[in-house]
Structures are given as structure tokens and as C-alpha cells.
Amino acid sequence: MSIGIYKITNKENGKSYIGQSIHIERRWEEHCRPSASSLISKAIHKYGKISFSFEILEECQIEDLDLLEQYWIQKENT
């Protein structure tokens, strides 16, 4: 189980999403579920899972998630 910050990128338009999770791999699958209603989930359903890349940017401790998520959002300008 990985705790940390992840990035999802739409390969067609280059737009990215930065998120945090206490179980990164499971979170990716949650975003891909047909019942998911977040903006990134809607985009995945619109373009198809194959149109997105998923990467772990950094693993960390739970208490560092909020700070590191903000750091990566600023760094990646998402």
C-alpha cells in the first residue's frame, strides 16, 4: 500500500490532475469506476482510461499529504 501524491494526465490534451491518497493504486481504480462523479473521473469516462497516464509523484507519511499535495500542484501548475 502506497501513501502519497499522484498525477493523472490526459494524453490527448495534456491537462493534469494532482491528488493524494493513503492507498494510491486503489485511488486510481476508484477514479476509473463508472459510478465516480469527480471531474477527473468524468474526464476518464469521456476520453477512456487508455487516454490517461497515471504516476506516483512521491510517497510520504500521512501527516505530510496536504503539504506535499499543495507543493506538487504548484510545481506542476495544475
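Owing to the predicted nature of the structure, the values given are computational and were not obtained by experimental measurement.
By the rule that hydrophobic residues join a cluster once side-chain heavy atoms approach within less than 4.5 Å of another member, Tyr71 and Leu65 end up as members of one cluster. By the criterion of side-chain heavy atoms lying less than 4.5 angstrom apart, applied directly or through intervening Ile, Leu, Val, Met, Phe, Trp or Tyr residues, Leu68 is grouped together with Ile73 in one hydrophobic cluster. Residues Ile40 and Trp28 are members of one and the same hydrophobic cluster, defined by side-chain heavy-atom contacts under 4.5 angstrom among Ile, Leu, Val, Met, Phe, Trp and Tyr. Residues Phe52 and Phe54 share a single hydrophobic cluster, defined by chaining ILVMFWY side chains whose heavy atoms lie under 4.5 Å apart. In terms of hydrophobic clustering, with Ile, Leu, Val, Met, Phe, Trp and Tyr side chains grouped at heavy-atom distances under 4.5 Å, Leu67 and Ile5 are assigned to different clusters.
Partners of Arg33 according to the salt bridge (charged side-chain N to carboxylate O under 4.0 Å, His left out) rule, which considers only residues two or more places apart in sequence or in another chain, do not exist here.
Once rounded to the nearest 0.5 Å, the distance linking NZ of Lys46 with CG of Leu39 reads 11.5 Å. Note: Arg27 CZ to Ser2 OG = 15.0 Å, rounded to the nearest 0.5 Å. To the nearest 0.5 Å, atom CD1 of residue Ile50 and atom NZ of residue Lys11 are 6.0 Å apart. Rounding to the nearest 0.5 Å places NZ of Lys75 at 9.0 Å from CG of Leu57.
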Which pairs of donor and acceptor atoms, one on a side chain in residues 12-22, lie under 3.5 Å apart (sequence neighbours left out)?
unit_1	atom_1	unit_2	atom_2	d
Glu12	OE2	Ser51	OG	3.0
Asn13	OD1	Lys15	N	2.9
Ser16	OG	Thr9	OG1	3.0
Gln20	NE2	Asp66	OD1	2.9
Gln20	NE2	Glu69	OE1	2.7
Ser21	OG	His23	N	2.9
Ser21	OG	His23	O	3.1

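For Arg26 and Glu29, the salt-bridge test fails: no basic side-chain N is under 4.0 Å from an acidic carboxylate O.
More than 12 heavy atoms of other residues, nucleotides or ligands shown are found within 6.0 angstrom of CD on Glu63.
Closest heavy-atom contact between Cys32 and Ile44: SG-CG2, 4.2 Å. Taking both residues in full, the closest heavy atoms of Cys60 and Gly4 are given as SG-CA, 3.8 Å, listed atom of the first, atom of the second, then distance. In this structure, Ala36 and His31 approach most closely via the heavy-atom pair CB-O, 4.1 Å.
No side-chain heavy atom of Lys7 sits under 4.5 Å from any side-chain heavy atom of Trp72.
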